[in-house]
J.: 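First the structure, then my questions, so here it is.
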Amino acid sequence: MARTRSYRISLSKKERKIIRHLQRKTTSSDARTRYAVLLAADESIHGARLTNSDIANASGASVPTVIDVLKKYYGHGLRAAIAPARNPNSDTARLKATGEVEAKIIATACTAPPEGYARWTVTLLTQESVAILEESLSRATVGRVMQRNEIRPHLNAYWCIPPKEDADFVANMEDILDVYQLPYDSRHPVWCMDEKPYQILGDSREPLPMRPGDTTKIDSEYIRNGTVSVFCFIQPHTGRIVHSVEETRTAVDWAEKIRCLVDEIEPDAEKIILVMDNLNIHSISSLYKAFAPEEARRIARKLEVHYTPKHGSWLDIAEIGINIMTRECLERRIPDIETLRKELKEWNDAYNENPSPVNWQFQTSDSRIKLKKLYPDIEVIRKQREERRKAKASA
């Protein structure tokens with residue numbers, strides 16, 4: 001005879017959405033099963049006639065697990081319901097690190113590694129825990145602490161920012177951030193541009209194709225066929241990307257791309273707001289190296305240029321476009337420039353059929369908090385001015 005249910009739950013639409021999201025996100029099969037129990041026991045969807053056995057069959061859990069989950073959810077909420085029942089004296093329970101232990105592991109992982117090592121590893125941290133904590137932790141425990149707190153010493157993220165106060169940097173940064181807050185205006189469209197060097201490589205031997213149970217085999221030896229430059233323009237409000245592949249990256253190449261932007265991509269715009277880094281060829285003067293003065297001035301009049309600050313190329317949304325292009329098309333060997341142009345055109349045409357607008361989140365208010373150290377100290381500067389005036393008066 002099926003056991004009757006002592007604990008009944010009825011989830012709201014928002015609660016079901018949260019539980020489904022957490023179920024997809026978790027990497028624990030036990031937690032996934034417990035989320036499934038809650039969804040299967042929801043009386044607002046399945047009615048009140050389900051027994052514990054029915055819920056167990058629908059979720060793939062045992063009846064004791066169903067009772068444990070519903071009892072904890074009914075009494076203590078979602079977090080308690082997902083935590084598995086575990087004897088505190090079991091070997092598994094002893095693998096858990098307390099908050100104090102976890103804090104010490106994190107603090108150690110964020111310091112410089114021992115001499116002779118490029119970075120901390122889980123093995124090194126496990127060995128170090130004996131000296132730091134005066135107790136031995138398992139490698140699995142240290143690994144879980146690292147994973148839970150998203151500590152990844154094997155990765156480096158290059159984000160160039162000045163090491164100290166820099167008024168020029170923050171002035172240009174806030175100018176760019178203001179541009180990104182502008183609403184879309186077809187008469188004054190915003191475009192970002194950047195370029196990427198790309199190495200043309202051929203295979204010395206034909207790759208072996210992928211087959212069931214095996215991956216594609218690519219020979220480590222390759223043929224160098226030179227380098228090219230891939231110019232990328234992206235419109236943040238629409239996500240539209242326009243590219244060009246050129247054999248060189250000179251002032252004339254850049255000027256020709258800008259004329260294409262003005263005359264072919266945005267011929268009806270009154271003024272094009274152009275964001276780019278301050279590379280030497282990214283200058284109005286480059287137009288005069290490529291075209292007659294009248295033509296160069298005509299193109300320049302249609303541009304409103306905003307430069308990202310030095311060490312601030314991450315502010316150029318065109319880098320996002322280049323990353324998308326690289327990930328989806330360029331991250332492979334392409335043997336010649338003709339093939340590269342053909343492949344990039346096919347990708348770009350397909351991408352622009354359904355582009356994704358860039359959801360730029362970093363705003364000026366954020367920069368004044370997160371990058372506060374880059375903003376000059378006004379009081380110190382005024383004090384220095386007064387000291388200089390006093391020194392000049394007493395001289």
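In this text, all values refer to a predicted model and were calculated from it rather than measured experimentally. These values consider heavy atoms only, across backbone and side chains, with no hydrogens, waters or symmetry-generated copies.
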J.: Indicate yes or no for a side-chain donor-acceptor contact from S286 to the backbone of H282 under 3.5 Å, with no hydrogens or angles considered.
T.: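 Answer holds: no.
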
J.: Considering only NZ, NE, NH1 and NH2 on the basic side and carboxylate oxygens on the acidic side, decide whether E386 and K383 come within less than 4.0 Å.
T.: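 Between K383 and E386 there is no salt bridge, as every charged N stays at least 4.0 Å from the carboxylate O atoms.
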
J.: Is R298 salt-bridged to D263, cutoff N-O under 4.0 Å?
T.: yes

J.: To check you understand the geometry: which heavy-atom pair defines the closest contact between N149 and V145, and what is its length?
T.: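 Smallest interatomic distance, heavy atoms only, reads ND2-O, 2.9 Å.
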
J.: May I ask you to test the I82-L38 pair for a side-chain heavy-atom distance under 4.5 Å?
T.: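 Yes - at least one pair of side-chain heavy atoms lies under 4.5 Å apart.
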
J.: Heavy atoms, side chains only, cut-off 4.5 Å: are H21 and R24 in contact?
T.: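 Yes - at least one pair of side-chain heavy atoms lies under 4.5 Å apart.
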
J.: Please assess H306 against M276 for the test side chain to side chain contact (heavy atoms under 4.5 Å, CB included), listing each intermediate value before the final yes or no.
T.: CA-CA 7 Å; H306 296 260; M276 55 187 172; over 6 Å; no

J.: Side-chain contact, heavy-atom cut-off 4.5 Å: I200 with R224?
T.: no

J.: Using only atom types and a distance under 3.5 Å, with no angle test, would you say the side chain of R34 pairs donor to acceptor with the backbone of A81?
T.: yes

J.: Can a donor-acceptor pair be found, under 3.5 Å and without considering hydrogens, that links the side chain of T326 to the backbone of I322?
T.: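 Looks like yes, one N/O pair under 3.5 Å.
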
J.: Counting only heavy atoms from other residues, nucleotides and ligands, does the tally under 6.0 Å from NZ of K271 exceed 12?
T.: yes

J.: Is the side chain of D42 donor-acceptor paired with the backbone N or O of L11 at a distance under 3.5 Å, no angle test?
T.: yes

J.: Please check if atom NZ in K302 has more than 12 non-hydrogen atoms from other residues, nucleotides or ligands closer than 6.0 Å.
T.: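 Correct, the count exceeds 12.
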
J.: Do the rings of F362 and W314 sit parallel, tilted or perpendicular, given the 30° and 60° boundaries?
T.: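 Rings of F362 and W314: perpendicular, over 60°.
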
J.: Without hydrogens or angle criteria, can the side chains of T108 and T111 be said to hold a donor-acceptor pair below 3.5 Å?
T.: no

J.: Mark yes or no for whether D166, through its side chain, and F169, through its backbone, hold a donor-acceptor pair below 3.5 Å.
T.: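 Yes.
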
J.: Restricting to non-hydrogen atoms, name the atom on L201 and the atom on N225 that form the minimum distance, rounded to 0.1 Å.
T.: C-ND2, 4.2 Å

J.: Answer yes or no: is there a side-chain heavy-atom contact under 4.5 Å between I334 and Y198?
T.: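 A side-chain contact under 4.5 Å exists here.
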
J.: Do the side chains of K310 and D168 get close enough for a salt bridge, i.e. N-O under 4.0 angstrom?
T.: no

J.: Any donor and acceptor pair, going by atom type alone, linking the side chain of Y180 with main-chain N or O of L315 inside 3.5 Å?
T.: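 At least one qualifying donor-acceptor pair exists.
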
J.: Answer yes or no: are there more than 12 heavy-atom neighbours, outside R332 itself, under 6.0 Å from its atom CZ?
T.: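 It does: R332 CZ has more than 12 such atoms within range.
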
J.: Are more than 12 heavy atoms from other residues, nucleotides or ligands located less than 6.0 Å from atom CD of Q147?
T.: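 No, because the 6.0 Å sphere around CD of Q147 holds 12 heavy atoms or fewer from other groups.
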
J.: Within a strict 4.5 Å, meaning less than it, do heavy atoms of the K196 and C232 side chains meet?
T.: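 No - every pair of side-chain heavy atoms lies 4.5 Å or more apart.
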
J.: Considering all heavy atoms of both residues, which atom of L70 and which atom of V37 are nearest to each other, and what is their separation?
T.: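 So the two residues come closest at CD2-CG1, 4.4 Å.
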
J.: Hey, does the side chain of W360 reach the backbone of P236 with a donor-acceptor pair shorter than 3.5 angstrom?
T.: no

J.: Within the structure provided, determine whether T216 and L208 are in side-chain contact (heavy-atom separation under 4.5 Å).
T.: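 The answer is no; the side chains never approach within 4.5 Å.
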
J.: Quickly, which of I151, T141, I106 forms a side-chain contact (heavy atoms from CB on, under 4.5 Å) with M146? Name it, please.
T.: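 Of the listed residues I151, T141, I106, the side-chain contact (heavy atoms from CB on, under 4.5 Å) partner of M146 is I151.
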
J.: Quick check: closest heavy atoms across V252 and K289, and the distance to 0.1 Å?
T.: CG2-O, 3.9 Å

J.: Is it true that D214 and R211 make a salt bridge, defined as a side-chain N closer than 4.0 Å to a carboxylate O?
T.: yes

J.: Quick one: CG on L78 to CD1 on I18, what's the gap to the nearest 0.5 Å?
T.: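 Separation between the atoms: 8.0 Å.
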
J.: Counting N and O atoms only, with roles assigned by atom type, does the side chain of D175 sit under 3.5 Å from a partner on the main chain of N172, one being a donor and the other an acceptor?
T.: no

J.: Between T33 and D30, is any side-chain donor less than 3.5 angstrom from a side-chain acceptor?
T.: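 There is no such pair (donor and acceptor under 3.5 Å, judged by atom type) between the side chains of T33 and D30.
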
J.: In the structure I gave you, are the side-chain heavy atoms of I176 and D316 within less than 4.5 Å of one another anywhere?
T.: no

J.: Nearest 0.5 angstrom please: E256 CD to F231 CZ, how far?
T.: 9.0 Å

J.: Evaluate I324 against Y351 for side chain to side chain contact (heavy atoms under 4.5 Å, CB included), listing each step before the verdict.
T.: CA-CA 10 Å; I324 297 171; Y351 179 85; 3.7 Å; yes

J.: Would you find a donor on one side and an acceptor on the other, under 3.5 Å apart, between the side chain of W191 and the backbone of I273?
T.: no

J.: Do the side chains of R205 and E221 get close enough for a salt bridge, i.e. N-O under 4.0 angstrom?
T.: yes

J.: For the pair W254 and M193, evaluate side chain to side chain contact (heavy atoms under 4.5 Å, CB included) and give the outcome as yes or no after the intermediate values.
T.: CA-CA 10 Å; W254 179 83; M193 74 82 51; 3.8 Å; yes

J.: Applying side chain to side chain contact (heavy atoms under 4.5 Å, CB included), run through Q23 and L39 and close with a yes or a no.
T.: CA-CA 10 Å; Q23 185 184 33; L39 294 172; 3.5 Å; yes

J.: Show the numbers, then the answer: is there a side-chain hydrogen bond (donor to acceptor under 3.5 Å, both in side chains) between Y375 and E174?
T.: CA-CA 11 Å; Y375 285 76; E174 292 202 353; 2.6 Å; yes

J.: Is there a path of hydrophobic side-chain contacts, each under 4.5 Å between heavy atoms, that joins V275 and I284?
T.: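 V275 does not cluster with I284.
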
J.: Give every donor-acceptor pair under 3.5 Å between a side-chain atom in residues 239-249 and any protein atom, sequence neighbours left out.
T.:
from, atom 1, to, atom 2, distance (Å)
H243, ND1, N348, OD1, 2.6
S244, OG, E246, OE2, 2.9
E246, OE2, K257, NZ, 3.2
T248, OG1, D253, OD2, 2.5

J.: Please say whether more than 12 non-hydrogen atoms of neighbouring residues, nucleotides or ligands are located less than 6.0 Å from CD in E338.
T.: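 Enclosed: over 12 neighbouring heavy atoms sit under 6.0 Å from CD of E338.
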
J.: Is the backbone of T364 close enough, under 3.5 Å, to the side chain of S367 for a donor and an acceptor to pair up by distance?
T.: yes

J.: Taking NZ, NE, NH1 and NH2 as the nitrogens, is one of them in E43 or R8 under 4.0 Å from a carboxylate oxygen of the other?
T.: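 Salt bridge flag = yes for R8 with E43.
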
J.: Should Y184 and V190 be regarded as members of a common hydrophobic cluster, given that ILVMFWY residues are connected when their side-chain heavy atoms come within less than 4.5 Å of each other, either directly or indirectly?
T.: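 No, it is not one cluster - the side chains of Y184 and V190 are not joined through contacts under 4.5 Å.
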
J.: Determine whether the side chains of S285 and S283 contain a donor N or O and an acceptor N or O closer than 3.5 Å.
T.: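 Side chains of S285 and S283: pair found under 3.5 Å.
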
J.: Going by an N to O cut-off under 4.0 Å, is there a salt bridge joining E264 and R259?
T.: no

J.: Quick one, I67 and P64 - any side-chain contact, counting heavy atoms below 4.5 Å?
T.: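 Not in contact.
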
